[in-house]
Structures are given as structure tokens and as C-alpha cells.
S.K.: 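Please find one structure pasted underneath; my questions will follow.
The structure displayed is predicted, hence computed values, not measured ones.
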Amino acid sequence: CSFCEMYTSKKFRARKEEEVFADIEAFESYSQHINKVFLADGDPMVLSTKRLLRILNKLNQTFPNLRRVSTYATPSNLNRKSEQELQELAEAGLNLVYVGIESGDDDVLNLIRKGEDFKSVVSGLNKSKAAGMNASVMIINGVGGTAFTEQHAINSAKVLNETQPKYASTLVLTTHKGIDHFQNRINGTFEELSKPELFTEMKLFLEHIDLKETIFRSDHASNHLALKGVLNKDKEKFISLVDQVLSDPNSPFLRPDYYRGY
């Protein structure tokens with residue numbers, strides 16, 4: 001992942017409701033075949049609950065076989081909704097939120113100007129879970145740089161342990177606009193992790209994981225090593241794979257760099 005650099009050149013605005021409804025109606029001829037909808041593009045949870053409910057009701061009326069609506073969400077916006085509001089949204093079909101927490105460590109979150117801390121992340125995820133929403137939580141391998149690598153790994157695992165999300169994934173920091181651009185957007189200095197250091201961080205993260213049945217994916221295009229399974233069930237297998245690539249830089253389990261992307 002590119003540390004949300006995809007949004008640094010864009011300004012946020014809420015689209016008019018009639019525009020959103022027109023987009024929904026444009027797919028009315030496919031209504032019998034649509035069973036999943038993703039609300040894009042930024043964080044629609046910034047909208048009022050009443051407005052979100054009108055959109056969800058429109059989706060349900062238009063697509064009779066709809067079984068899942070998902071969206072991006074920040075912990076802060078989840079926290080701003082009352083428990084009743086989140087429950088109403090879940091009952092209306094919004095049952096999966098993608099939450100890019102990036103890290104569970106306060107120093108790292110401050111470094112990247114995330115606007116969150118450990119407590120707000122845990123609170124937002126658990127609040128939405130209690131309301132009936134599943135969460136897909138994303139963490140960025142290497143986002144703390146060399147200075148915070150250990151605490152980033154340990155506290156990111158701790159966030160997952162305290163929230164037990166349905167899904168979790170790790171992506172690798174990729175500064176596709178250049179390290180200077182990244183450096184200018186953070187609070188402090190930054191030194192990127194080498195490939196072996198990224199794997200060492202991943203191993204430490206996995207060693208501190210204690211999950212019951214979280215579906216885990218580390219197969220984004222940015223990842224050097226693809227991991228797919230369930231934690232804790234596949235924990236030891238994942239650690240073994242990381243050990244193998246740490247001991248063999250030419251391991252067949254590693255993706256060639258030309259296969260990787262952002």
C-alpha cells in the first residue's frame with residue numbers, strides 16, 4: 001500500500017444524493033445478478049446515518065438478491081456513530097467495513113499523521129462489531145520505518161488480538177511518489193526497511209498474534225511473500241515460511257519484484 005498517497009492530490013466532497021441514486025438505477029437491468037455492493041470512494045461513514053440509510057434502502061429496493069454492502073471506514077467515524085446508529089446501518093445491510101488502521105502503535109500513527117491512536121482504533125472496531133458489522137483490518141508492513149519496527153509489529157498484533165476482526169491483511173509500504181514525498185507528509189524522519197527487515201518485522205507480528213478465527217491475507221500486489229489462511233490455525237506455518245525466506249533470499253516462495261505492484 002502507498003500510505004494513502006492515492007488521496008493526497010484529491011479533495012473530498014460528498015456527492016449529491018440524486019447522483020448516487022442515478023448510479024444505482026443505472027444497474028437496474030442487472031438487478032437479479034447483483035448481490036454485493038461497495039460504497040466508494042473515501043469514507044462514506046462521514047455521512048449522516050439518515051442519508052446512509054436512504055442509500056442502503058435504495059440498494060435493497062433495487063437489488064433484491066443483495067446480501068452484502070461494504071465500505072471503507074475510519075475508526076474515528078465509527079466512534080462518532082452511536083451504537084444504535086451502527087446497528088441500524090448493519091440491519092439495513094451494511095455488514096462489512098474495511099478499516100485501514102496501518103498500525104496499532106501510537107508513535108507510528110503520529111508519525112504518519114493518521115489521526116487515530118490505539119484506543120480509538122480498538123474502540124471503533126469493537127463498537128462496529130457489537131453492532132453486527134464485520135471488519136476487514138489492514139496493516140502496513142514497514143510503515144514505522146527502522147525506528148519503530150518492533151513496537152509497530154507488537155502493537156499491531158495487539159490491536160487485532162483485542163478486536164478479533166473477521167478479516168485481516170498486511171500490505172507493504174510502497175512510496176510510489178518517492179521517499180521525499182513520503183518524508184514531507186510525516187511527523188519526523190524516516191528510514192525504510194530492507195527486505196530482510198520487513199520479514200523480521202512480519203515474523204515478530206505473527207509471533208504476537210493470538211486470534212481465534214480471523215481470515216488472514218498477505219497477498220496484496222505489494223507483498224513480497226503471499227500468505228493466506230486462518231489465524232491462529234496457520235500461525236506456525238506462516239512463521240515457518242517467513243523463516244525460510246529470511247534464510248534464503250532466493251526462496252521460490254518469494255514473488256519476483258516485477259510481479260509486485262501498488
Side-chain angles (χ1 to χ4, degrees), residues 1-102 114-116 120-121 124-138 163 165-169 171 176-177 214-215 217 219-222 261-262:
C1 184
S2 54
F3 171 51
C4 300
E5 288 183 337
M6 62 184 288
Y7 291 114
T8 58
S9 61
K10 297 181 180 181
K11 290 185 178 180
F12 173 82
R13 73 172 179 87
R15 296 182 67 204
K16 294 179 180 179
E17 196 166 297
E18 53 265 33
E19 292 179 0
V20 177
F21 281 15
D23 283 349
I24 295 170
E25 291 166 358
F27 288 88
E28 205 159 7
S29 59
Y30 304 97
S31 62
Q32 298 298 320
H33 307 286
I34 293 175
N35 53 39
K36 294 179 185 178
V37 170
F38 182 83
L39 302 180
D41 183 20
D43 179 2
M45 295 296 280
V46 74
L47 301 177
S48 71
T49 299
K50 288 183 179 179
R51 185 168 179 183
L52 283 170
L53 286 171
R54 288 196 295 270
I55 293 170
L56 292 168
N57 289 336
K58 177 69 172 178
L59 288 170
N60 287 316
Q61 291 166 8
T62 308
F63 309 121
N65 296 320
L66 189 63
R67 56 184 176 83
R68 189 176 86 184
V69 180
S70 56
T71 188
Y72 290 129
T74 61
S76 290
N77 281 334
L78 292 172
N79 280 317
R80 289 189 186 102
K81 301 286 187 189
S82 69
E83 293 179 8
Q84 181 178 347
E85 286 177 309
L86 290 173
Q87 188 172 350
E88 288 175 354
L89 292 170
E91 289 173 351
L94 182 56
N95 46 27
L96 177 62
V97 288
Y98 288 88
V99 187
I101 67 169
E102 329 308 6
K114 184 65 179 177
E116 306 282 356
S120 71
V121 170
L125 289 172
N126 282 337
K127 191 174 184 180
S128 59
K129 184 177 182 179
M133 295 179 180
N134 288 321
S136 180
V137 179
M138 292 158 280
T163 58
K166 178 72 172 179
Y167 308 97
S169 61
L171 303 82
H176 73 275
K177 289 190 177 181
T214 295
I215 297 169
R217 295 288 184 267
D219 59 352
H220 181 264
S222 65
Y262 307 135

S.K.: Show your working on side-chain hydrogen bond (donor to acceptor under 3.5 Å, both in side chains) between Glu25 and Thr62 and close with a plain yes or no.
M.R.: CA-CA 7 Å; Glu25 291 166 358; Thr62 308; over 6 Å; no

S.K.: Once you round to the nearest 0.5 Å, how far does NZ of Lys36 lie from CZ of Arg67?
M.R.: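 Here the interatomic distance stands at 5.0 Å.
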
S.K.: Where is the tightest heavy-atom contact between Val97 and Ser128, given as atom of each residue plus distance?
M.R.: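 Scanning both residues completely, I find the closest heavy atoms to be CG2-OG, 4.4 Å.
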
S.K.: When you compare the side chain of Gln32 with that of Pro64, does any pair of heavy atoms fall below 4.5 Å?
M.R.: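 The answer is yes, as the side chains (C-beta and beyond) meet within the 4.5 Å cut-off.
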
S.K.: Less than 4.5 Å apart, any side-chain heavy atom of Pro44 and any of Leu52?
M.R.: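 In contact.
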
S.K.: Once side chain to side chain contact (heavy atoms under 4.5 Å, CB included) is applied, do any residues pair with Ala90, and if so which ones, sequence neighbours excluded?
M.R.: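 Partners of Ala90 by the side chain to side chain contact (heavy atoms under 4.5 Å, CB included) criterion, ordered by chain and then number, come out as Met133.
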
S.K.: Indicate yes or no: at least one non-hydrogen side-chain atom of Met45 is less than 4.5 angstrom from one of Leu94.
M.R.: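 Yes. Closest side-chain heavy atoms under 4.5 Å.
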
S.K.: Excluding sequence neighbours, so at least two apart, what forms salt bridge (Lys or Arg N to Asp or Glu O under 4.0 Å) with Asp219?
M.R.: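 Here no residue qualifies.
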
S.K.: By ring pair (Phe, Tyr, Trp, His ring centres under 6.0 Å), which residues pair with Tyr98, not counting sequence neighbours?
M.R.: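 Once residues adjacent in sequence are excluded, the partners of Tyr98 under the ring pair (Phe, Tyr, Trp, His ring centres under 6.0 Å) criterion are Phe38.
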
S.K.: What verdict does the side-chain contact (heavy atoms from CB on, under 4.5 Å) test give for Tyr72 and Val99, after you've listed the backbone C-alpha separation in whole Å, the side-chain angles of each residue and the deciding distance to 0.1 Å?
M.R.: CA-CA 6 Å; Tyr72 290 129; Val99 187; over 6 Å; no

S.K.: Scan the side chains in residues 79-87 for donor-acceptor partners under 3.5 Å anywhere in the protein, sequence neighbours excluded, and list what turns up.
M.R.:
unit_1, atom_1, unit_2, atom_2, d
Asn79, OD1, Ser123, OG, 2.8
Asn79, OD1, Gly124, N, 3.2
Asn79, ND2, Pro75, O, 3.2
Asn79, ND2, Ser120, O, 3.0
Arg80, NH1, Asn77, OD1, 2.4
Lys81, NZ, Leu47, O, 2.5
Lys81, NZ, Thr49, OG1, 3.2
Ser82, OG, Glu85, N, 3.0
Ser82, OG, Glu85, OE1, 3.4
Gln84, NE2, Glu88, OE2, 3.3
Glu85, OE1, Ser82, N, 2.8
Glu85, OE2, Thr49, OG1, 3.0
Gln87, NE2, Glu91, OE2, 3.3

S.K.: Salt bridge (Lys or Arg N to Asp or Glu O under 4.0 Å) with Arg68: which residues, sequence neighbours excluded?
M.R.: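 Partners of Arg68 under the salt bridge (Lys or Arg N to Asp or Glu O under 4.0 Å) test: none.
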
S.K.: Measuring from Asn126:CG to Leu78:CG, what's the distance to the nearest 0.5 Å?
M.R.: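 If I round to the nearest 0.5 Å, the distance is 11.0 Å.
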
S.K.: I want to check something: taking the side chain as every heavy atom from C-beta on, are Val137 and Thr214 in contact at a cut-off of under 4.5 Å?
M.R.: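 The answer is no; the side chains never approach within 4.5 Å.
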
S.K.: Indicate yes or no: at least one non-hydrogen side-chain atom of Val121 is less than 4.5 angstrom from one of Lys114.
M.R.: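 Of all side-chain heavy-atom pairs linking Lys114 with Val121, none is under 4.5 Å.
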
S.K.: So, taking the atom named CD1 in Ile34 and the one named CG in Leu59, what distance separates them when rounded to the nearest 0.5 Å?
M.R.: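 Reported value, rounded in 0.5 Å steps: 9.5 Å.
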
S.K.: Could you walk me through whether Leu89 and Leu53 satisfy the side-chain contact (heavy atoms from CB on, under 4.5 Å) test, starting with their C-alpha distance in whole Å, then the side-chain angles of each, then the deciding distance to 0.1 Å, before giving a yes or no?
M.R.: CA-CA 6 Å; Leu89 292 170; Leu53 286 171; 3.9 Å; yes

S.K.: Which residues satisfy the salt bridge (Lys or Arg N to Asp or Glu O under 4.0 Å) test with Glu28, sequence neighbours excluded?
M.R.: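 Result, salt bridge (Lys or Arg N to Asp or Glu O under 4.0 Å) vs Glu28: none returned.
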
S.K.: Are any side-chain N or O atoms of Lys129 and backbone N or O atoms of Thr163, one a donor and one an acceptor, separated by less than 3.5 Å?
M.R.: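 It does hold such a pair.
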
S.K.: Out of curiosity, His220 NE2 to Leu171 CG, how far, rounded to the nearest 0.5 Å?
M.R.: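 Output value for this atom pair is 5.0 Å.
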
S.K.: To the closest 0.5 Å, what do you measure between CD1 (Ile24) and OG (Ser31)?
M.R.: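 One gets 12.5 Å once the value is rounded to the nearest 0.5 Å.
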
S.K.: Are the side chain of Asn134 and the backbone N or O of Lys166 linked by a donor-acceptor pair below 3.5 Å?
M.R.: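 Checking the backbone N and O of Lys166 against the side chain of Asn134, no donor-acceptor pair under 3.5 Å is found.
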
S.K.: With no hydrogens and no angle check, is any side-chain donor or acceptor of Thr71 less than 3.5 Å from a backbone partner on Leu39?
M.R.: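 Checking the backbone N and O of Leu39 against the side chain of Thr71, a donor-acceptor pair under 3.5 Å is found.
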
